[in-house]
**Q** 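One structure is given below, represented as structure tokens, and several questions about it will come after.
Note that these values count all heavy atoms, side chains included, but never hydrogens, waters or copies made by symmetry.
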Amino acid sequence: MQHFFWLVNKYWGMILAAVIALSVILCAGKWACPGDEVVADGETFVVLLDSSPAGLDPRFSTTHASAQLVGLLHEGLISTDTPDGTMEHRLAEEIEQTSPTRYEVRLRGDALFHDGVPVTSDDVEYTYMTLPEVRSPLAGTAAHIKRFDIIDEYNFVITLHDVHAPFMNDLSMGILPRHRCEEEPVVTPFPQIFPFYVSSGLCFEPVMSPVERGAGIVPVEGDAPYQGRWAGYTDRLWAPGCSVVYNIQRSNVCPGDPVGAGAFEFVRREGGLYVEFKAFDDYLDGRPHIDRLAFRVIRDDNARILALLGGTADLAQNAVSPMMMPVVEDTPGLQVEGAPSFKYTYLAFNLEDPHLKHQKVRQAIAHAIDRERIIEYKFAGTARLSTGIFVPEHWAYEGDVATYDYDPERARQLLDDAGFLAQEGEPRFELEFKVSANNFRRSLALLIAQQLGEVGIDVRVRAYEWGTFFDDIRSRNFQLTTLQWPSVQEPNLLRWIFHSDNIPTADARAAGANRGAYRNDRVDELLDRGKREPDRERRKEIYAEVQQILAEELPYISLWHEDNVAVLREGVEGYYTTPNAYFDALRTVRPAPTDR
């Protein structure tokens, strides 16, 4: 059965390759090809994406597609979007950590926003200190800041409440222009909306987030329209004497087109499928060689390949199925660049499930998956086995952990030991395996399901469009699933994923990423220590023990680290892939000559 699956997989790839080759011939003739309509003119460098960027505000760019574009539009104090993932200064000329909780920062004096206004200390303060006010998912960064002291236009000091080892990495968030974002709220009276509050002579003290509407307090004298950055209301009564209740609405999004200090300026956006930038002439590291930069979302795998092969796109990064890479590599007019990444693909369990709560069951599943063969046949070698969340090149990587070779017999024995005995003609138990509707990811899930079936576990694969799928995962409505962390750099990510404080609930789905409900007091203690420990070598020891415990208890099964693979139009010069798969190279890349 397994041999048959590999043959089907192999010959399906050959059939698909033949279809694409025929399409390329048609594209070279008079026929229209997918992507023809995306090219505005011959100067546009076209990048293909497989998913839509959710937004272009660095305070809210929590999806990978958004973060990729935000990194080009906005500039942070530092960046790790580099060829080897090391940190380099961008807006900051110097950052000196004078104590475990004190950071002295000097900005470059030549950095400008896209509207020509200099980037100053005031902009940095605004960006970070208003994160809670706008309900940013990154508001926790501001919670660590005790004081933000502006020395002058280009110098400031940040003092933390206590030691927070990952804070230097937090300084990579794009800086926003205060003069564009901090506008006065729209204030209008609305006694008709809450007449009983006004007539009773009682007012509320508004304390909710500025993303919502509500009541503001106005003195009887009534000259000032409102006091403070208030919006929303609570049931806490203020005092008699307020004559009018006002509606205060403050947006959490900067008005107008996005303005940053990055290498490219925003031009336009068409729904969720097309975004266009242009080179910023006064960028601090020099004007990019690309004049116009367009991002086109094509969700279908084959359509993306056709757009590349048809010559209507310049770049697709991690957006071509590995099964098709042999076809792409042999196609004239295209070039392929690849490098190891920080990406981490894993199999996750709901540990409150009656079957999966057993450690031996999870270990059995790990032994039942032939990861090496999957990498060979499905990834064409463009991935490597994982022993944990960190790649071997990461400073916190610990290789001395439990590993699980492909061993079906050992898997069957572990299932027997866990009490799930094999019955003639019957599965030991059934599981539902939820995945996204991406064809390649679904094919991987089907293969894993087939391998688990060989040790007696009946797995039903259920594929859903991304929004539905991820909503279920965040709601912990799953038994088995597979996902990927696209950029594992700061070890404190382990706390977000595995600390028991970060188990989301139905009412707080964004409370953390411990969606499998993993609980281990020792791991909690270590993760809390790692967050507070400023010395890297001691942090490494802490996270080494965490990795050893996780590898033994298996809240995740570590599958593989996929390479970053970029397919480029032939003649593009200077492109490199970053470990976190961002588009930093577009700041300096030289586009290929084009006759489009």
Side-chain angles (χ1 to χ4, degrees), residues 13 16-53 65 68-69 72 264 266-279 288-338 438-440 564-577 581-583 585-587 589-596:
L16 185 57
V19 170
I20 289 176
L22 177 61
S23 300
V24 173
I25 294 172
L26 295 176
C27 286
K30 64 179 181 179
W31 304 96
C33 298
D36 282 351
E37 74 284 1
V38 313
V39 182
D41 55 60
E43 301 302 319
T44 302
F45 189 97
V46 179
V47 180
L48 300 182
L49 303 176
D50 58 4
S51 61
S52 299
Q68 287 177 307
L69 273 63
L72 296 172
F264 292 91
F266 178 84
V267 175
R268 63 190 174 106
R269 178 171 186 161
E270 297 178 4
L273 300 179
Y274 184 84
V275 182
E276 187 175 335
F277 294 166
K278 67 177 181 179
H289 300 293
I290 295 172
D291 293 322
R292 290 270 172 164
L293 177 60
F295 296 90
R296 178 73 175 183
V297 178
I298 300 179
R299 295 192 173 93
D300 181 75
D301 292 348
N302 297 333
R304 285 195 301 275
I305 296 174
L306 291 176
L308 285 166
L309 299 181
T312 59
D314 296 274
L315 168 65
Q317 182 170 278
N318 298 333
V320 173
S321 169
M323 293 174 59
M324 297 312 305
M325 288 311 300
V327 177
V328 172
E329 289 173 341
D330 293 338
T331 300
L334 296 178
Q335 61 190 47
V336 178
E337 301 287 343
N438 177 279
N439 289 335
F440 182 68
N564 286 322
V565 180
V567 181
L568 297 145
R569 185 181 181 88
E570 190 173 37
V572 173
E573 296 180 358
Y575 191 81
Y576 55 84
T577 59
Y582 284 11
F583 291 127
L586 296 180
R587 299 182 310 128
V589 75
R590 292 183 179 274
T594 178
D595 55 1
R596 289 198 304 249

**Q** Evaluate the side-chain proximity of V297 to P53: yes if any heavy-atom separation is below 4.5 Å, no if none is.
**A** yes
**Q** Look at the side chain of R590 and the backbone N and O of A592, then say whether any donor-acceptor pair between them is shorter than 3.5 Å.
**A** no
**Q** Which value, rounded to the nearest 0.5 Å, describes the distance between E276 atom CD and F266 atom CZ?
**A**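 Here the rounded value is 9.5 Å.
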**Q** Could you grab the distance from atom CD1 of I298 to atom CG of N302, nearest 0.5 Å is fine?
**A**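 Between I298 CD1 and N302 CG, I get 11.5 Å after rounding to 0.5 Å.
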**Q** For the pair F295 and F277, name the ring-plane relationship: parallel under 30°, tilted 30 to 60°, perpendicular over 60°.
**A**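 F295 vs F277 ring planes: perpendicular.
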**Q** Any side-chain heavy atom of L49 sitting closer than 4.5 Å to one from L69?
**A** yes
**Q** Which atoms form the tightest heavy-atom contact between A303 and D300, and what is the distance?
**A**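 Reported closest heavy-atom pair: N-OD2, 2.8 Å.
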**Q** Determine the minimum heavy-atom distance between R569 and A313, stating which atoms define it.
**A** CB-O, 4.2 Å
**Q** Does the Q335 side chain pair with the main chain of V572, one donor and one acceptor, at a distance under 3.5 Å?
**A**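 Judged by distance alone, yes, a pair lies under 3.5 Å.
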**Q** Just so I know, are the side chains of D301 and N438 near enough to count as touching, which here means a heavy-atom distance under 4.5 Å?
**A** yes
**Q** Report the distance from atom NZ of K278 to atom OG1 of T44, rounding to the nearest 0.5 Å.
**A** 13.0 Å
**Q** Under 3.5 Å, is there a donor-acceptor pair between the side chain of D50 and the main chain of R299?
**A**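 Checked: no pair found.
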**Q** Could you tell me whether the side chain of L293 reaches within less than 4.5 Å of the side chain of L586, counting heavy atoms only?
**A** yes
**Q** Quick check for you: to the nearest 0.5 Å, what is the distance between Y575 atom OH and D314 atom CG?
**A**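 Atom-to-atom, Y575:OH and D314:CG are 11.5 Å apart.
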**Q** Side chains of T312 and V46: does their closest heavy-atom pair fall under 4.5 Å?
**A**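 In short, these two side chains do not touch, never coming nearer than 4.5 Å.
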**Q** Could you measure the distance from the CG atom of L309 to the CE atom of M324? Nearest 0.5 Å is fine.
**A**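 If I round to the nearest 0.5 Å, the distance is 8.5 Å.
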**Q** Would a 4.5 Å heavy-atom cut-off, applied to side chains only, mark L315 and F583 as touching?
**A**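 L315 vs F583: side chains touch.
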**Q** Using every non-hydrogen atom in the two residues, find where E573 and V589 come nearest and quote the distance to one decimal.
**A**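 Minimum heavy-atom separation between E573 and V589: O-CG2, 2.9 Å.
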**Q** Between E337 (side chain) and T577 (backbone), is there a donor-acceptor pair under 3.5 Å?
**A**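 Such a contact is absent between E337 side chain and T577 backbone.
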**Q** Would you say that V47 contacts Q68 through its side chain, given a criterion of any heavy-atom pair below 4.5 Å between the two side chains?
**A**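 No, side chains not in contact.
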**Q** Do L72 and R587 make a side-chain contact, defined as non-hydrogen atoms from C-beta onward lying under 4.5 Å apart?
**A**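 A side-chain contact under 4.5 Å exists here.
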**Q** Does R304 use its side chain to pair, donor to acceptor, with the backbone of L48 at less than 3.5 Å?
**A**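 No; zero donor-acceptor contacts below 3.5 Å.
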